[in-house]
Amino acid sequence: METKFRIGNVTLDNHILVGPMAGISNLGFRTMIKRFEPGMIYSEMLSDKAITYHSKKTLLMTAISPEERPLALQLFGHDVDSMVEAAIFLDRETDCDVIDINMGCPVPKVVNNQAGSAMMKDPEHTYEVVRAITAAVEKPVTVKLRAGWDEQHINVVEMANELQHCGISAIAVHPRTRTQYYSGHSDWNLIRQVKEAVTEVPVIGNGDIKSVDDMLEMKRQTDCDAFMVSRGCLGNPWLIQQLVHYEKYQERLEDPTFSEKLQQCLEHADSLCKLKGERIAIKEMRGHACWYINGMPNNNKVKAIINNITTYQQLEDLLRRYDEAMLSGDFSYFTGG
């Protein structure tokens, strides 16, 4: 089965994309998730102002390893001039393959600066920003939209319809409103409507894909061109592998064992330690480790310990002990029994 997918002049090996997640989609996470063979990975969002001000921290976030490509660097901002300047930097000074414009981030510090999902409140300005960027860069430019600002202002179909004529190469739709954040269910019907309205560029469906069945159902309901997985792969990078394998072979892979999950968690932690140093990495890994052990026996007791660890060795010792407990059935170390 042919699984190649094109975004502008960039050819991807499949239609499964790992979406951008603030504070998560760093180099360590991306190189880890790449082992599960997604078609493309997105970076965490980058501030246009921070790039134009040459923020050392932000410029370090644009670093890309050859093995993680193809990769999209995601940009957020509001001002036309600074967005264009930042996009030109990503186009000429980084090894990214695609430049993505964030129009979906719901957090206050972003929307209060009229960026992220706040861009959906001012469509005409948004079109101006996008046209200016696509005219200034050579790499493909994509956009990621929410349903709208709130239930009374759902305008994703209208905006997508106009944006396809602004020089972009793909549109991703996360069909929740800004006021929903990540609660409730995404409205896949809106992805279908966008797909029906947009004929010039591919439409990427995003939201609530947690299994092969979810991917198949999204395809059935929306006929979208590709699938973006974000929170669904946290603690479960095998989901990406399962989706890619099914698309290629129409076969279902088995879920990983508990032991495989724990080992992957340690490999993830090791990768992050090499990137950020142990102190910062282990602090970030607390959340990831808790995601990895979701659904395992007595995981709440283990999570309580995870939230206090400070070193890789502590994490390794804890997970090894937890693995032994699952094999023996003796959880007395964690339960106090």
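In this text, all values refer to a predicted model and were calculated from it rather than measured experimentally.
For NE2 of H153, the number of neighbouring non-hydrogen atoms (other residues, nucleotides, ligands) closer than 6.0 Å is 12 at most. Environment of CD in E138: sparse, with no more than 12 heavy atoms of neighbouring residues, nucleotides or ligands closer than 6.0 Å. By the 6.0 Å contact criterion, CD on E254 is open, its count of non-hydrogen atoms from other residues, nucleotides or ligands being 12 or less. Counting heavy atoms of neighbouring residues, nucleotides and ligands inside a 6.0 Å radius, atom CD of E37 does not exceed 12 of them. Counted within 6.0 Å of NZ on K301, heavy atoms from surrounding residues, nucleotides or ligands total 12 or fewer; the atom is thus considered open.
Q314 and N308 share no side-chain donor-acceptor pair at under 3.5 Å. Counted by atom type alone, N298 and K303 present zero donor-acceptor pairs between their side chains at under 3.5 Å. One side chain, T179 or T177, offers a donor N or O that lies under 3.5 Å from an acceptor on the other.
At least one donor-acceptor pair under 3.5 Å links the side chain of R30 to the backbone N or O of S25. E247 contributes no side-chain N or O that, together with a main-chain N or O of V244, makes up a donor-acceptor pair within less than 3.5 Å. Side chain of T31 to main chain of G28: a donor-acceptor pair is present (N/O by atom type, distance under 3.5 Å, no hydrogens or angles). Distance alone, capped at 3.5 Å, places no donor-acceptor pair between the S65 side chain and the E67 backbone. Under a 3.5 Å cut-off, the side chain of K261 and the backbone N or O of N236 do not form any donor-acceptor pair. In this structure a side-chain-to-backbone donor-acceptor pair under 3.5 Å is present from E44 to G23. Judged by distance alone, the side chain of S43 and the main-chain N or O of Q74 form a donor-acceptor pair under 3.5 Å. In this structure a side-chain-to-backbone donor-acceptor pair under 3.5 Å is present from N206 to M228. No side-chain donor-acceptor contact under 3.5 Å links D95 to the backbone of I64. Looking at Q164, its side chain does come within 3.5 Å of a backbone N or O of E200 through a donor-acceptor pair.
Look at R131 and E128 and you find no salt bridge, because none of the NZ, NE, NH1 or NH2 atoms lies under 4.0 Å from a carboxylate O. A salt bridge is absent between D223 and K195: the closest approach of a Lys/Arg side-chain nitrogen to an acidic carboxylate oxygen does not fall below 4.0 angstrom. Taking 4.0 Å as the cut-off between side-chain N and carboxylate O, R6 and D225 do not count as a salt-bridged pair. A salt bridge does not link D100 to K144: none of the charged nitrogens lies less than 4.0 Å from a carboxylate oxygen. No salt bridge links R320 with E324; every basic N to acidic carboxylate O contact stays at or beyond 4.0 Å.
The structure places CG of L216 at 9.5 Å from CD of Q250, a figure rounded to the nearest 0.5 Å. Atoms CG and CZ, from D213 and R220 in turn, are 12.0 Å apart once rounded to the nearest 0.5 Å. Rounding to the nearest 0.5 Å places CG of L266 at 12.5 Å from OG of S271.
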- Carefully, step by step, assess Q264 and R35 under the rule side chain to side chain contact (heavy atoms under 4.5 Å, CB included). CA-CA 11 Å; Q264 179 60 41; R35 299 171 200 161; 4.1 Å; yes
Would you check, one step at a time, whether the test side chain to side chain contact (heavy atoms under 4.5 Å, CB included) holds for F258 with L327?
-> CA-CA 10 Å; F258 289 160; L327 292 171; over 6 Å; no
Take K274 and D270, measure what salt bridge (Lys or Arg N to Asp or Glu O under 4.0 Å) needs, and give me the verdict at the end. CA-CA 6 Å; K274 291 174 180 175; D270 180 62; 3.2 Å; yes
Check the pair L262 / Y322 against side chain to side chain contact (heavy atoms under 4.5 Å, CB included), numbers first and verdict last. CA-CA 9 Å; L262 298 181; Y322 188 33; 4.2 Å; yes
Practice problem: Start with the C-alpha gap between D214 and E217, add the side-chain angles, then the distance that decides, and say whether side chain to side chain contact (heavy atoms under 4.5 Å, CB included) holds. | Solution: CA-CA 5 Å; D214 290 338; E217 184 61 19; 5.7 Å; no
Could you walk me through whether D150 and K121 pass salt bridge (Lys or Arg N to Asp or Glu O under 4.0 Å), step by step?
CA-CA 10 Å; D150 55 29; K121 297 171 68 175; over 6 Å; no
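Between V137 and V84 there is no side-chain heavy-atom pair separated by less than 4.5 Å. Two residues are said to be in side-chain contact when any heavy atoms from C-beta on lie closer than 4.5 Å; I293 and I306 meet this criterion. Contact check for R279 versus T310: no side-chain heavy atoms found under the 4.5 Å cut-off. For the pair M119/L145, no side-chain contact is recorded, criterion being any heavy-atom separation below 4.5 Å from C-beta on. Between C233 and I33 there is a side-chain heavy-atom pair separated by less than 4.5 Å. At a threshold of 4.5 Å between non-hydrogen side-chain atoms, the residues H15 and K4 do not count as touching. Contact annotation: the side chain of K49 approaches that of D79 to within less than 4.5 Å [non-hydrogen atoms, C-beta and beyond]. Residues M285 and C265 form a side-chain contact, since some pair of their non-hydrogen atoms from C-beta on lies under 4.5 Å apart.
Residue E158 comes nearest to Y127 through the heavy atom pair O-OH, 3.9 Å, listed as atom of the first residue, atom of the second, then distance. Nearest heavy atoms, L90 versus C96: O-SG, 3.7 Å. Minimum interatomic distance between M45 and C105 (heavy atoms only, all atoms of both residues): CE-SG, 3.3 Å. The two residues R176 and H185 come nearest to each other via the heavy atoms NH2-CA, 3.8 Å. Minimum heavy-atom separation, N155 to G148: OD1-CA, 3.6 Å. Considering every non-hydrogen atom in both M215 and I209, the closest pair reads N-CG2, 4.2 Å.
Both V198 and V173 are members of a single hydrophobic cluster when ILVMFWY side chains are connected at heavy-atom separations under 4.5 Å. Taken together through direct or relayed side-chain contacts under 4.5 Å among Ile, Leu, Val, Met, Phe, Trp and Tyr, I240 and M218 form part of one hydrophobic cluster. Cluster annotation: F76 is connected to V107 through the hydrophobic network of ILVMFWY side chains, with a link wherever side-chain heavy atoms come within less than 4.5 Å. By the criterion of side-chain heavy atoms lying less than 4.5 angstrom apart, applied directly or through intervening Ile, Leu, Val, Met, Phe, Trp or Tyr residues, L253 is not grouped with F227; the two fall into different hydrophobic clusters. Residues I154 and V111 fall into different hydrophobic clusters, defined by Ile, Leu, Val, Met, Phe, Trp and Tyr side chains chained together at heavy-atom separations under 4.5 Å.
By the 30° and 60° cut-offs, the orientation of the rings of F29 relative to H268 is tilted. Using a 30° and 60° split on the angle between ring planes, H288 and W291 fall in the perpendicular class, above 60°.
With sequence neighbours excluded, no residue forms a ring-ring contact (aromatic ring centres under 6.0 Å, His included) with Y42.
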